[in-house]
Amino acid sequence: MNSRYSIKKLVLGNLRRQLVAGMALVVSLMMIMLVWQWGSRQHSDLKEQQTAQAVALAESIALSSSVWVAARDIAGLQEIVNSSLNYPDVRFVILMDRRGQVLAHTSSEFLGKYMTDLPAGTRTKVMQNANSLLDIASPVMLDRQHLGWVRIGLGRTQLDARIEQLLLSGLLYLASGALMIVFFASITGRYFTRRLSAISKVAEAVRSGDTHRRVEIGGSDEAASLAREFNTMLDTLQKRESELLQSQDALRIAATAFESNDVMFVCDAEWQILQVNHAFERVTGYSPEYAMGKKPRELLGSNLQDQSFYDAMNESIRLHGSWQGEIWDRRSSGETFPAWSTITAVKNKAGDLTHYVANLTDFSLRKAAENEIKTLVYYDALTMLPNRRLLMDRLATALRNALVQQRLGALLFVDLDDFKTLNDTLGHHQGDRLLQQVAERLLGCVRGADTVARLGGDEFVVMLEGLSDDRPDAAVQAQAVATKIIVALNEPYELGTAVRNSTPSVGITLFGDQDEMIDEPLKRADLAMYQAKAAGRNTSRMFDPQTQAAVTLRSELESAMRMALDKAQFALYLQPQVSGLQDKAKVTGAEALIRWQHPTKGLISPVEFIGVAEDSGMIVPIGQWVLHTACQQLARWSEVPVLADSTIAINVSAKQFHQPSFVQEVLQELAFADVPASRLKIEITESMLISNVDEVVHRMEELQQHGVGFAMDDFGTGYSSLTYLKRLPLDVVKIDQSFVRDVLVDGNDAAIVNMIVALANSLGLNVVAEGVETTEQMQYLARQGCHNFQGYLFSKPLPVAEFEQELSRFIEPLRTTSAATVDATRSGASATL
């Protein structure tokens with residue numbers, strides 16, 4: 001915060017700097033737009049130029065090879081192919097007959113094979129025009145007879161170099177323009193702000209206590225006029241300060257004048273009542289003689305506010321010198337009444353507190369009127385149940401609470417069957433009595449914390465909160481309440497001399513597992529109620545007809561996960577973490593990622609089962625298996641010299657981390673594997689900090705004392721509180737791949753990455769960038785101060801054996817990056833977690 005304030009003050013500290021900054025910003029933005037437009041046009045022109053050259057080259061090769069293709073002279077064709085590689089940026093050249101059989105190729109392994117992606121027609125065609133590769137196909141013709149095809153692939157190396165040169169030129173122009181405007185604005189600003197600075201210096205001196213200083217500026221312009229007015233103001237203030245000091249004692253006495261219609265009393269510094277006004281006895285019933293010497297809380301306290309209320313009151317008076325708010329007091333008769341109270345602290349010249357002055361306004365009548373209005377606005381006049389407005393308010397709150405607490409809720413839409421017939425037959429008066437009895441029975445079917453509301457007519461809504469976080473379980477709980485309601489409303493109703501029966505149709509829907517508008521659950525419950533009516537009435541229906549199928553599928557997945565643990569179907573995949581650049585780069589460790597090798601479904605991604613594991617509690621034994629397997633792998637690496645110092649990072653869920661035995665389990669696994677604790681890294685997410693950050697800090701510190709390191713995973717995608725970084729004993733902050741992916745093309749992502757790196761470096765934390773796919777991304781991150789990387793540029797997650805086998809080749813993309821390698825890496829990135 002201090003660094004941000006200092007930068008802001010440096011740039012905008014005075015008018016001259018504001019003028020410089022403003023002009024520089026405007027001109028820079030204009031130049032950026034011009035450079036960007038110019039660069040885009042140049043890029044397009046260069047790309048079209050290269051494409052035209054490539055087409056000419058392909059047609060030239062096709063023309064020169066037509067006789068050789070006709071004669072199927074393989075040696076001659078191969079010589080043409082080999083000589084074509086001398087052209088700049090040529091990646092491959094292929095000569096085929098018209099059926100697609102390869103007659104000559106830059107790679108001999110393809111000779112004789114067939115290529116299926118042949119263009120239609122007999123014209124030159126661009127097969128691929130990607131950022132890294134240009135693929136051209138041209139027909140081989142002889143005497144208007146189509147004999148075969150030529151395919152050439154050109155890289156973009158020279159094009160990229162020319163574009164980079166253009167960008168550097170544009171940036172040079174941009175920087176030169178910005179420097180020129182800063183110089184011009186600085187000279188102009190200095191001229192305009194010199195006189196204002198003189199006034200500012202005098203104001204600063206006066207603020208520091210030198211009240212005799214005055215501004216000395218001659219002339220007749222606006223600055224001189226302002227200086228004269230400023231001096232006049234200082235003279236007036238000095239005079240009034242003298243008068244204020246002389247009348248301070250009189251003002252303190254006047255401040256305690258409290259003879260008014262409101263209750264007022266004065267207490268000493270120990271809160272003992274010294275004086276009360278006439279309204280005090282009239283409102284409270286206590287005489288002045290009885291009140292003197294007693295404390296207000298002893299005399300007027302209603303015991304309706306706890307100690308924390310009075311602690312907050314005293315803290316406000318201490319910090320701000322006053323407090324005001326609603327309070328419940330007690331009259332001498334024992335009756336409690338609401339009052340609006342204002343308490344002000346009185347201090348002497350030395351700043352010592354001497355008295356408290358309190359004011360009380362009895363607003364019992366206003367409170368009663370407010371309650372009556374509230375009842376009319378928010379409650380149904382017939383049943384005294386909450387009406388639609390209050391229901392929607394509570395539903396909005398329930399939706400927010402459900403998302404925060406991760407507990408589902410339910411809405412039950414209750415509609416009486418054939419109520420209109422009964423109402424018309426017996427009369428509206430008896431119909432109203434039936435509705436009142438329905439309301440009473442509905443209240444008897446739910447908990448005190450639940451809501452029963454009447455929307456109007458014979459429509460009622462029951463809102464249940466705090467159900468299970470498991471959707472099938474919550475559906476069972478809501479169905480149980482619906483069954484209870486149906487049974488209760490089927491009992492006969494005594495309506496005067498008549499006894500009548502009435503049945504309900506109940507629609508049920510769940511809410512709380514997604515962010516939605518407050519009217520959506522009500523619409524679903526209403527639709528489900530109509531499904532109940534269509535099913536014959538006097539029954540209930542759940543809105544989602546696929547709920548049972550989802551419950552069955554979920555149950556099967558949970559059983560399969562338990563079986564997977566027992567039958568060792570889970571496996572650890574490792575993705576390397578690299579530190580350094582170019583030839584100095586080295587693999588320092590790996591992140592462990594779980595995969596499920598199902599016997600019939602094949603490899604299952606964590607996306608498909610981790611969520612269910614979290615909800616069912618299976619995440620805890622799965623997490624324990626990951627911890628055990630990682631420690632055992634570290635033990636095996638201890639015997640391999642090249643891997644002896646490598647680390648493994650594991651992801652820990654919030655439920656596993658909050659297990660009481662978590663710390664002990666980690667230390668036991670490390671001891672059993674006989675590996676140093678420093679080789680195990682635990683990655684946590686910001687979501688586990690919501691419930692109890694103090695407990696998280698304590699457990700992290702306990703493990704850190706033994707050497708275990710901690711990393712904040714996916715930083716920036718959650719709450720990203722700086723308080724967490726300050727309090728948590730972290731070693732590493734990991735930049736989420738969503739920011740790294742577009743860091744070179746998205747200014748917002750670049751700004752976020754730069755901020756995270758700068759923040760982590762200032763706190764002494766290491767930074768690991770996830771999702772690095774290109775050398776350009778890595779080099780950009782390195783320039784910002786991030787030197788640790790993880791991503792498909794080096795390797796996708798691999799099984800342990802393959803990871804160990806490929807260890808020496810992980811950093812090869814830093815040394816040789818071909819278009820085919822980058823394309824293959826990216827295609828793997830899109831298919832594997």
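Along the sequence shown, residues carry numbers from 1.
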- Item | Sequence neighbours excluded - ring-ring contact (aromatic ring centres under 6.0 Å, His included) pairs with any residue from residues 614-651 | Trp637-Phe803
- Query: Can you pull the side-chain hydrogen bond (donor to acceptor under 3.5 Å, both in side chains) pairs that have at least one residue in residues 135-145, sequence neighbours excluded?
  - Reply: Thr124-Ser138, Asp135-Arg151
- Task: Evaluate whether atom CG of Asp674 has more than 12 neighbouring non-hydrogen atoms of other residues, nucleotides or ligands under 6.0 angstrom away.
- Result: no
- Pair listing, ring-ring contact (aromatic ring centres under 6.0 Å, His included) test, anchored in residues 55-85, at least two apart: none
- Note on the structure: For residues 107-142, the ring-ring contact (aromatic ring centres under 6.0 Å, His included) pairs (sequence neighbours left out) are His105-Phe110
- Is there a donor-acceptor pair under 3.5 Å between the side chain of Asp736 and the backbone N or O of Phe739? no
- Compare every heavy atom of Leu565 with every heavy atom of Pro621, then report the nearest pair and how far apart it is. CB-CD1, 3.8 Å
- Task: For atom CD of Glu79, decide whether the heavy atoms of other residues, nucleotides or ligands shown that lie under 6.0 angstrom number more than 12.
- Result: no
- Query: Within a strict 4.5 Å, meaning less than it, do heavy atoms of the Val69 and Leu103 side chains meet?
  - Reply: yes
- Of all residues at least two apart in sequence or in a different chain, which pass the side chain to side chain donor-acceptor pair (under 3.5 Å) check with Glu770? Lys734
- Is there any ring-ring contact (aromatic ring centres under 6.0 Å, His included) pair reaching into residues 133-154, and which pairs are they, with sequence neighbours excluded? His146-Trp149
- Query: What do you reckon, is CG of Asn82 surrounded by more than 12 foreign heavy atoms closer than 6.0 Å?
  - Reply: yes
- Note on the structure: Correct closest heavy-atom pair for Phe609 and Ile594 would be CZ-CG2, 4.2 Å
